[in-house]
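Heads up, the thing below is written out as structure tokens.
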4 protein chains.
Amino acid sequence: MTKRGDETRARLIAATKDVVREVGYAHATTKAIAGAAGVAEGTIYRHFPDKVALFFSAALSGSQALIEELATLPELAGSATVDENLEHALARLLVLRQDLLPLELALNSDPEIARRRQAMDAPDIVPGLPSPPEAISRYLDAEASLGRVRADVDSRQVSLLLLSALFGLMLAPGTDPSSPHPASAQIGPLVHLVLDGIRGSGSSRA
Amino acid sequence: MTKRGDETRARLIAATKDVVREVGYAHATTKAIAGAAGVAEGTIYRHFPDKVALFFSAALSGSQALIEELATLPELAGSATVDENLEHALARLLVLRQDLLPLELALNSDPEIARRRQAMDAPDIVPGLPSPPEAISRYLDAEASLGRVRADVDSRQVSLLLLSALFGLMLAPGTDPSSPHPASAQIGPLVHLVLDGIRGSGSSRA
Amino acid sequence: MTKRGDETRARLIAATKDVVREVGYAHATTKAIAGAAGVAEGTIYRHFPDKVALFFSAALSGSQALIEELATLPELAGSATVDENLEHALARLLVLRQDLLPLELALNSDPEIARRRQAMDAPDIVPGLPSPPEAISRYLDAEASLGRVRADVDSRQVSLLLLSALFGLMLAPGTDPSSPHPASAQIGPLVHLVLDGIRGSGSSRA
Amino acid sequence: MTKRGDETRARLIAATKDVVREVGYAHATTKAIAGAAGVAEGTIYRHFPDKVALFFSAALSGSQALIEELATLPELAGSATVDENLEHALARLLVLRQDLLPLELALNSDPEIARRRQAMDAPDIVPGLPSPPEAISRYLDAEASLGRVRADVDSRQVSLLLLSALFGLMLAPGTDPSSPHPASAQIGPLVHLVLDGIRGSGSSRA
DNA sequence: GATGAATGAGAATTCATTCAT
DNA sequence: AATGAATGAATTCTCATTCAT
């Protein structure tokens with residue numbers, strides 16, 4: 001409510017992301033988070049009902065930045081090249097998602113937490129803005145109407161493919177989640193592949 | 001060493017995968033695992049130096065099945081269609097990876113554990129057999145020499161794209177890790193997309 | 001001192017009794033009490049040095065009402081019947097004591113608090129008025145001089161018996177402290193018993 | 001199960017009664033109890049699901065001794081005098097109940113715990129033995145048939161009166177629950193009063 | 001080999017109290 | 001006077017690990 005309170009809350013959310021990134025979800029204790037935020041442990045509970053709620057808030061705040069970033073993508077249709085636009089969007093996504101990855105992972109892989117997340121309304125949607133898959137899908141539709149992308153492909157499928165691959169790349173074995181640019185070098189080839197396909201002349205779909 | 005000992009060890013590994021799948025990594029306690037295996041808690045420490053070693057063993061045993069399964073893929077080059085072969089291989093991969101997903105996730109997202117994994121030699125390689133990316137890459141090379149796949153694409157890149165996308169799909173938000181077939185329906189479209197590409201006539205690479 | 005301050009103080013005392021009755025002493029936190037009183041938590045400490053002092057004040061305020069109520073009992077000697085007078089007095093006592101029972105219990109059963117209570121001067125005495133045991137004792141003496149009660153019994157003992165039994169009844173297992181009239185039905189028989197005794201013809205005191 | 005385990009469990013129950021008596025329910029922490037029992041804090045949770053269950057067990061074990069003690073009372077009908085028999089029984093009750101009083105109080109005055117107690121089946125009944133009120137009631141009936149007690153009084157009412165008064169006496173303000181014999185001196189007069197009554201010649205029931 | 005009781009170092013959470021506004 | 005954010009010590013409970021049997 002007060003200015004000081006809001007500041008503390010923001011510091012706690014930032015500290016949560018930092019600590020989870022540095023030591024992993026399992027070792028992101030309330031003590032460590034409070035320490036990183038420069039407040040007492042008990043202060044956490046003035047701002048969040050419990051630890052999981054703090055993690056949800058942290059994940060949500062990360063998602064929002066990400067969603068806002070992607071919302072402008074459809075407007076780029078027709079400018080530069082399709083490759084460049086997608087590459088750039090995915091690269092931004094990679095950076096933004098980087099520091100909330102462990103959080104998303106934990107939030108999705110712990111059944112108890114997943115259950116609770118569903119109990120909350122609309123987990124990570126910013127009102128009025130399209131979700132990441134939706135934003136990319138709209139961009140592709142716009143390019144399709146310009147003829148820069150084939151009109152007979154399902155833009156939702158492509159969007160899902162790109163995002164899944166990006167997500168998968170971030171988790172590739174050997175990747176250190178705390179290093180600055182883990183698999184960003186893979187984004188270019190990935191985009192080109194999806195644009196051009198690999199089918200040879202001797203092959204045809206069943 | 002003895003028959004009884006080996007049986008116990010196997011039961012512990014199976015129990016580990018079961019428990020992690022059911023309650024998530026965070027709640028997969030030694031007590032729960034021992035209970036699921038039908039042994040006393042202390043027995044775990046007769047077979048594994050500590051809990052993390054048990055988890056490594058469980059992950060490794062899952063990977064082995066997976067690697068053995070994929071090893072035969074290159075031999076299928078030329079038979080059926082490329083789409084069918086890849087679809088089938090990815091579908092098998094999906095099933096096999098399903099139940100060790102939370103384990104891999106935890107093992108990759110906990111910095112302390114990741115460090116320790118690197119300290120071990122060759123984490124998940126079966127001697128003599130290619131790793132999954134390598135197996136798919138070899139299959140694609142074989143198909144390229146038959147003309148069923150373009151020869152000018154980097155087969156390693158394609159392999160990485162397919163596996164990353166598959167991995168990403170398994171984690172798509174809303175996916176329940178314990179349900180039988182989460183996103184297997186996405187595999188077909190994914191393969192077709194990668195084979196055909198999406199580039200329209202009005203676009204060309206920069 | 002000011003009107004507003006006195007009001008707040010009174011509301012805090014009332015809220016304390018309410019909260020203790022509803023959730024029990026152990027869960028009567030300063031937060032809950034402040035909330036029930038409609039003030040901020042910190043306000044408590046403007047009116048009371050600490051939580052225990054607030055509880056003492058609440059208990060004392062309850063005792064005062066009780067003592068004032070009983071003070072008129074001796075004047076009833078000779079009117080109505082002894083049974084009726086005692087029954088009525090005990091019934092009133094039951095009602096008044098009902099909502100400060102948990103408080104008294106906690107205040108008496110916690111050694112640390114009991115010690116502190118003794119350190120305070122004259123815990124629950126209203127200047128000029130007799131304590132409850134004293135009031136009943138005086139009433140009985142008055143009735144004895146009228147011949148309605150035997151003159152050879154120690155009125156203090158009888159008073160103690162009646163009050164102890166009443167207190168004990170209020171705590172009988174299965175009694176829900178928040179229900180309106182727990183064991184008020186037992187008061188009549190109790191009084192008659194004490195008046196008439198139970199000794200048969202074949203028995204005599206040693 | 002094992003001998004050592006049973007011993008530990010018994011020590012924990014004894015320690016619980018000791019600690020509660022010494023420092024009061026509110027300060028009977030798991031740490032203090034474990035310390036008094038000479039075990040680690042975690043050991044408590046091998047024997048009891050939680051702290052409340054430990055308290056229930058402690059209260060129950062006390063009740064059992066008490067119930068067994070009183071079960072033989074009816075057999076004393078006709079021997080000695082009624083005064084002596086009742087006095088002695090109440091004195092024993094006083095001693096036995098002394099050390100589980102704070103426990104019973106807390107267990108009865110905390111709504112949350114009371115609720116949970118009802119969820120358990122038959123809180124403090126020893127199979128085959130009469131409850132304390134029942135035992136006294138039976139004794140009185142036996143004396144009534146011998147003519148040593150009036151046959152027209154409700155023995156259950158008398159039993160309730162005696163026990164309530166005893167319970168009330170134990171809690172009399174100023175009584176220190178840790179001192180050896182708090183109000184045992186009151187038992188004799190109490191019994192005589194109940195036997196003889198106080199009604200004078202000039203009074204009669206309405 | 002197997003058992004399971006015991007350990008003890010934390011973990012999350014609560015709560016009376018303080019203090020800047 | 002009142003507020004309510006912040007504190008931090010204390011509390012209950014968990015859990016990987018050890019060890020006597």
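Naming: A, B, ... by sequence-line order, numbering from 1 per chain. Side-chain atoms are counted along with the backbone in the values below, which use heavy atoms only and exclude waters and symmetry mates. Source: prediction; values computed, not measured.
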Could you check how far [atom1] of [X] sits from [atom2] of [N], rounded to whole Å?
{"X": "L12(C)", "N": "dA16(E)", "atom1": "CG", "atom2": "C1'", "answer": "15 Å"}
{"X": "F48(B)", "N": "dT18(F)", "atom1": "CZ", "atom2": "C1'", "answer": "18 Å"}
{"X": "Y25(B)", "N": "dA16(F)", "atom1": "OH", "atom2": "C1'", "answer": "12 Å"}
{"X": "D50(A)", "N": "dA11(E)", "atom1": "CG", "atom2": "C1'", "answer": "14 Å"}
{"X": "I44(B)", "N": "dC19(F)", "atom1": "CD1", "atom2": "P", "answer": "17 Å"}
{"X": "E7(D)", "N": "dG4(E)", "atom1": "CD", "atom2": "C1'", "answer": "16 Å"}
{"X": "R11(D)", "N": "dA5(E)", "atom1": "CZ", "atom2": "C1'", "answer": "12 Å"}
{"X": "F55(B)", "N": "dA16(F)", "atom1": "CZ", "atom2": "C1'", "answer": "11 Å"}

For K17(C), side chain to side chain donor-acceptor pair (under 3.5 Å) partners two or more places apart:
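Partners of K17(C) by the side chain to side chain donor-acceptor pair (under 3.5 Å) criterion, ordered by chain and then number, come out as S61(C).
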List for me each residue that meets ring-ring contact (aromatic ring centres under 6.0 Å, His included) alongside F48(B), sequence neighbours excluded, and say none if there are none.
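Partners of F48(B) by the ring-ring contact (aromatic ring centres under 6.0 Å, His included) criterion come out as none, since no residue qualifies.
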Give every residue pair that meets the side-chain hydrogen bond (donor to acceptor under 3.5 Å, both in side chains) criterion with at least one member in residues 50-60 of chain D, sequence neighbours excluded.
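As it turns out, the side-chain hydrogen bond (donor to acceptor under 3.5 Å, both in side chains) pairs with a partner in residues 50-60 of chain D, which skip direct neighbours, are D50(D)-R116(D).
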Do any pairs count as a side-chain hydrogen bond (donor to acceptor under 3.5 Å, both in side chains) and have a residue in residues 39-48 of chain A, sequence neighbours left out, and if so which ones?
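Checked against side-chain hydrogen bond (donor to acceptor under 3.5 Å, both in side chains) - neighbours excluded - the pairs reaching residues 39-48 of chain A are T30(A)-E41(A).
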Does [N] have OP1 or OP2 under 4.0 Å away from a side-chain N or O of [X]?
{"X": "H47(B)", "N": "dG1(E)", "value": "no"}
{"X": "R46(A)", "N": "dA6(F)", "value": "no"}
{"X": "Y45(D)", "N": "dT14(F)", "value": "no"}

Considering the terminal five base pairs at each end of the helix from dA2(E)-dT21(F) to dT21(E)-dA2(F), what angle separates the two local helix axes, rounded to 10°?
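The end-segment axes of the helix from dA2(E)-dT21(F) to dT21(E)-dA2(F) are tilted 10° relative to each other.
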Before accepting this row, confirm whether a basic side-chain N of the pair R21(D)/D18(D) lies closer than 4.0 Å to the acidic partner's carboxylate O.
yes
For the side chain of K51(D), counting heavy atoms from C-beta on, which of dT13(E), dT17(E), dC13(F) is nearest?
dC13(F)
Please list, chain by chain and in numerical order, all residues satisfying salt bridge (charged side-chain N to carboxylate O under 4.0 Å, His left out) with R11(B), sequence neighbours excluded.
E7(B)
Applying salt bridge (charged side-chain N to carboxylate O under 4.0 Å, His left out), can you list everything that pairs with D110(D), at least two apart in sequence or on another chain?
none
With sequence neighbours left out, what residues match A32(A) under side chain to side chain contact (heavy atoms under 4.5 Å, CB included)?
V19(A), T29(A)
Going by heavy atoms closer than 4.0 Å, what residues in residues 27-43 of chain A are next to DNA chain E?
T29(A), T30(A), E41(A), G42(A)
If you take all heavy atoms of A58(A) and T16(A), which pair is closest and at what distance?
CB-CG2, 3.9 Å
